[in-house]
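In what follows, a structure is listed as structure tokens, so that the remarks can point back to it.
The figures that follow rest on heavy atoms only: side chains count, while hydrogens, waters and symmetry mates do not.
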Amino acid sequence: MPHTRRTDDVPRPAPLVAGGDHVFAVAASSRDIRSELSLEIAGDAVTRPLSRESSLAEALAHPVAGPVLVRAFAPMTEASGASAIMPEGVDMMAMLGSFPLGRLGMMAGLGFGPDEVDRLLETANASEQPAG
């Protein structure tokens with residue numbers, strides 16, 4: 001007799017809850033709704049894995065990679081750094097938002113080469129793995 005694997009013992013990710021207004025209805029049938037309740041639900045936070053092709057803006061929004069990059073860019077964003085030569089009203093970080101993470105090593109003075117990018121990606125993406 002062939003062995004059949006049960007599908008209920010395979011770990012599955014928990015379903016995600018979409019944020020927003022949700023209406024819950026109690027009804028005798030689809031045409032006979034007796035009561036409704038509207039609730040606003042915050043929803044689940046979804047964080048995509050980062051890669052060398054991810055943009056700087058995506059990485060800055062990431063809960064693990066973002067703070068690391070903010071510290072790395074701090075010298076450039078201070079008044080005496082690169083932001084001092086930017087035209088008034090131009091946000092240097094917004095301008096660099098589409099820059100790929102894999103190319104951070106090209107920025108002079110950042111001190112964030114390929115090895116640092118790889119460590120950052122490994123740490124950030126490890127934080128997304130479910131515990132267990």
Side-chain angles (χ1 to χ4, degrees):
M1 184 164 158
H3 174 48
T4 303
R5 181 179 174 149
R6 290 178 34 184
T7 58
D8 61 348
D9 64 352
V10 177
R12 295 189 179 122
L16 295 174
V17 176
D21 289 327
H22 293 267
V23 177
F24 298 88
V26 178
S29 71
S30 62
R31 295 177 187 209
D32 185 11
I33 298 174
R34 307 279 171 100
S35 183
E36 288 186 347
L37 172 67
S38 180
L39 290 175
E40 182 163 343
I41 298 176
D44 294 322
V46 177
T47 306
R48 294 181 184 179
L50 296 174
S51 70
R52 292 174 95 34
E53 290 77 35
S54 296
S55 71
L56 182 57
E58 290 171 314
L60 286 168
H62 190 278
V64 174
V68 173
L69 290 168
V70 167
R71 285 191 300 275
F73 275 93
M76 291 178 67
T77 58
E78 293 172 358
S80 62
S83 63
I85 62 170
M86 297 299 291
E88 187 175 332
V90 174
D91 181 1
M92 182 180 71
M93 295 308 287
M95 186 178 76
L96 294 173
S98 62
F99 201 82
L101 284 180
R103 297 191 178 198
L104 284 180
M106 296 172 60
M107 293 185 185
L110 189 57
F112 218 86
D115 292 338
E116 287 78 16
V117 170
D118 290 339
R119 279 194 293 278
L120 174 68
L121 293 172
E122 183 178 332
T123 303
N125 291 331
S127 72
E128 301 305 312
Q129 300 302 318

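- For A28, the side chain to side chain contact (heavy atoms under 4.5 Å, CB included) test picks out D32, R34, with sequence neighbours left out.
- The CG atom of L104 sits 8.5 Å away from the CG atom of L120 when rounded to the nearest 0.5 Å.
- Applying the side chain to side chain contact (heavy atoms under 4.5 Å, CB included) criterion to R71, with sequence neighbours excluded, gives P67, V68.
- Within a 6.0 Å radius of CZ in R52, other residues, nucleotides and ligands contribute more than 12 heavy atoms.
- With sequence neighbours excluded, the residues that form a side chain to side chain contact (heavy atoms under 4.5 Å, CB included) with A27 are I33.
- Nearest heavy-atom pair, S55 versus G97, reported as atom, atom and distance to 0.1 Å: CB-O, 3.2 Å.
- Considering V64, L50, D118 as possible partners of T123, the one that fulfils the side-chain contact (heavy atoms from CB on, under 4.5 Å) test is V64.
- How far NE2 of H62 is from CG of L121: 9.5 Å, rounded to the nearest 0.5 Å.
- How far CD of E58 is from CG of L101: 8.0 Å, rounded to the nearest 0.5 Å.
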Quiz item: Are R119 and E116 close enough, and set up right, to give a salt bridge (Lys or Arg N to Asp or Glu O under 4.0 Å), and what steps lead you there?
Solution: CA-CA 5 Å; R119 279 194 293 278; E116 287 78 16; 3.4 Å; yes
